[in-house]
Amino acid sequence: MSIFKSHIDAMSAYQPPLEGRDPKSYTLLDFNERTIDVAEPVRRALEDFINSGRLQMYPSYGDITDRIAAYCGVDAGQVMITNGSDHGIDLIIRSACREGDEIIIPGPSFAMYTQCAQIENLSIVEPHYTREGGYPVEEVIASVTDRTRVIIISNPNNPCGTLVAPEEIVRIAKAAPGAAILVDECYFEYSKTTVADRLVECPNILITRTFSKTWGLPSIRLGYVLSATENINALLCVRGPYDINQLAVVAVDAALNSPEVTLSYVDEVMQVSKPLLEAFLDERGIDYWPSAANYLWVFPEDPVAVNQALEARHILVRPKVDREGRQGLRMTVGTEAQTRALVGVLEDIF
Ligand SMILES: Cc1ncc(COP(=O)(O)O)c(C=O)c1O
């Protein structure tokens, strides 16, 4: 007999396919990561910290919350740092829901929302995105009941890249004032779309963001939640005092000192590389979902063969299945040079 709750025993672990991801052997276009290294000052700050004789001390976070607040244009009281945005998603769902409550998770979407909902044994309502209609706003609003405790708006969504306009998010927030509206802005720097300026108007909105993607620091795990101060104060009661490691804070502090690397990478991806890949796909008549982020969900005729051929040419992408069971390949968009190489390989394959 298990010592755990029966619904936990019934779950399976979220296991992303991390095996064999060697950046020396492959171009990694499978996890929506940044494809260039961190800036030298970030590396130096980490080395300096390691050499400073403070590794034996518990973390202290200094003014990192103020710095992130300034970057986001909100008050420091509206920010809570987390151990990656996965941690923020978990804390929000855990704090808002009781067993049996309802959560609306439009799909397909990022696996952690469902994982966290299953941990709390929630009832999951899953309206679907469509390529043409995008986020199912009307269906979400129609699905709200007095048991709805969380509504997920992954903005832009992973894997399809779909973006919801801030006005629509506000409409959903006002239609469900008793629910937490979790707006995942993990790819904010790519989409440049946010509801961070609507937190006073909509006290039920909670935004999760991260330094994993555009800032290129997923290994060190730093995310943050933006929301009304009273929500942040409540979540701080649930988050542990040392949940974020000191190295993450050191790295992000240094990264914020030199944002040019991040911002110019974002410009290259969104203004040069992505249009390049889109133009190639358009020319070939290959279907893909319109995306506001650094990835495209692409549907070639024979995705299995294309995936294998890419891997043989040392490029990794991520297979993702749509609602109809059709397999697509989610391709992260990197630098111009990497995208030209990808297009060249795709040309050969097709
Ligand atoms: C939509 C979305 N949210 C959150 C995350 C997790 O980010 P983090 O590394 O900050 O936990 C990802 C990672 O792929 C994602 O795609």
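The basis for the numbers below is simple: all heavy atoms, side chains too, and nothing from hydrogens, waters or symmetry mates. All ligand and atom numbering here is 1-based and tracks the order in the structure. Residue numbers start at 1 and run along the sequence shown.
- The proximity of Tyr113 to ligand 1, defined as any non-hydrogen pair under 4.0 Å, is limited to the side chain.
- Of the protein's heavy atoms, Asp184 OD2, 3.4 Å lies nearest to atom 2 (C) of ligand 1.
- In terms of protein heavy-atom proximity, atom 10 (O) of ligand 1 is nearest to Thr210 OG1, 2.5 Å.
- Between the Thr210 side chain and the Gly84 main chain, no donor and acceptor come within less than 3.5 Å of each other.
- Counting heavy atoms closer than 4.0 Å to ligand 1, residue Phe31 contributes nothing at all.
- Near Ser212, meaning under 4.0 Å from one of its heavy atoms, ligand 1 places the atoms 8 (P), 9 (O), 10 (O).
- When hydrogens are left out, the protein atom nearest atom 6 (C) of ligand 1 is Asp86 OD1, 3.2 Å; that is the closest non-hydrogen contact.
- Using a 4.0 Å cut-off between heavy atoms, Asn158 contacts ligand 1 through its side chain alone, with no backbone atom that close.
- Ring pair Tyr187/Tyr295 is perpendicular by interplanar angle, where above 60° counts as perpendicular and below 30° as parallel.
- Close approach to Lys213 involves these atoms of ligand 1, each under 4.0 Å from a residue heavy atom: 12 (C), 13 (C), 14 (O).
- The aromatic rings of Phe211 and Tyr224 sit tilted relative to each other, their planes meeting at an angle between 30° and 60°.
- Taking a cutoff of 4.0 Å between a charged side-chain nitrogen and a carboxylate oxygen, Glu336 and Arg340 qualify as a salt bridge.
- Remark: ligand 1 atoms within the under-4.0 Å shell around heavy atoms of Gly84 are 10 (O), 11 (O).
- Closest to atom 12 (C) of ligand 1, if we only count protein heavy atoms, is Phe110 CZ, 3.4 Å.
- The aromatic ring centroids of Tyr265 and Trp215 lie 6.0 Å or more from each other.
- Between Phe299 and Tyr288, a ring centre-to-centre spacing not shorter than 6.0 Å is recorded.
- By the 4.0 Å N-to-carboxylate-O rule, Arg209 lies too far from Asp184 to be salt-bridged with it.
- Thr214 and Tyr190 are not linked by any side-chain donor-acceptor pair at a separation below 3.5 angstrom, with hydrogens and angles left out of the test.
- Here Ser85 has heavy atoms under 4.0 Å from ligand 1 in both its backbone and its side chain.
- Which parts of ligand 1 touch Cys186 is read off a 4.0 Å heavy-atom cut-off, strictly below it: atoms 2 (C), 3 (N), 4 (C), 5 (C), 12 (C), 15 (C).
- The side chain of Arg221, and not its backbone, has at least one atom closer than 4.0 Å to an atom of ligand 1 (non-hydrogen atoms only; side chain from C-beta on).
- A salt bridge links Asp322 to Arg326: at least one charged side-chain nitrogen sits closer than 4.0 Å to a carboxylate oxygen.
- Close approach of ligand 1 to Ser154 is summarised as follows: ligand atoms under 4.0 Å from at least one heavy atom of the residue are 1 (C).
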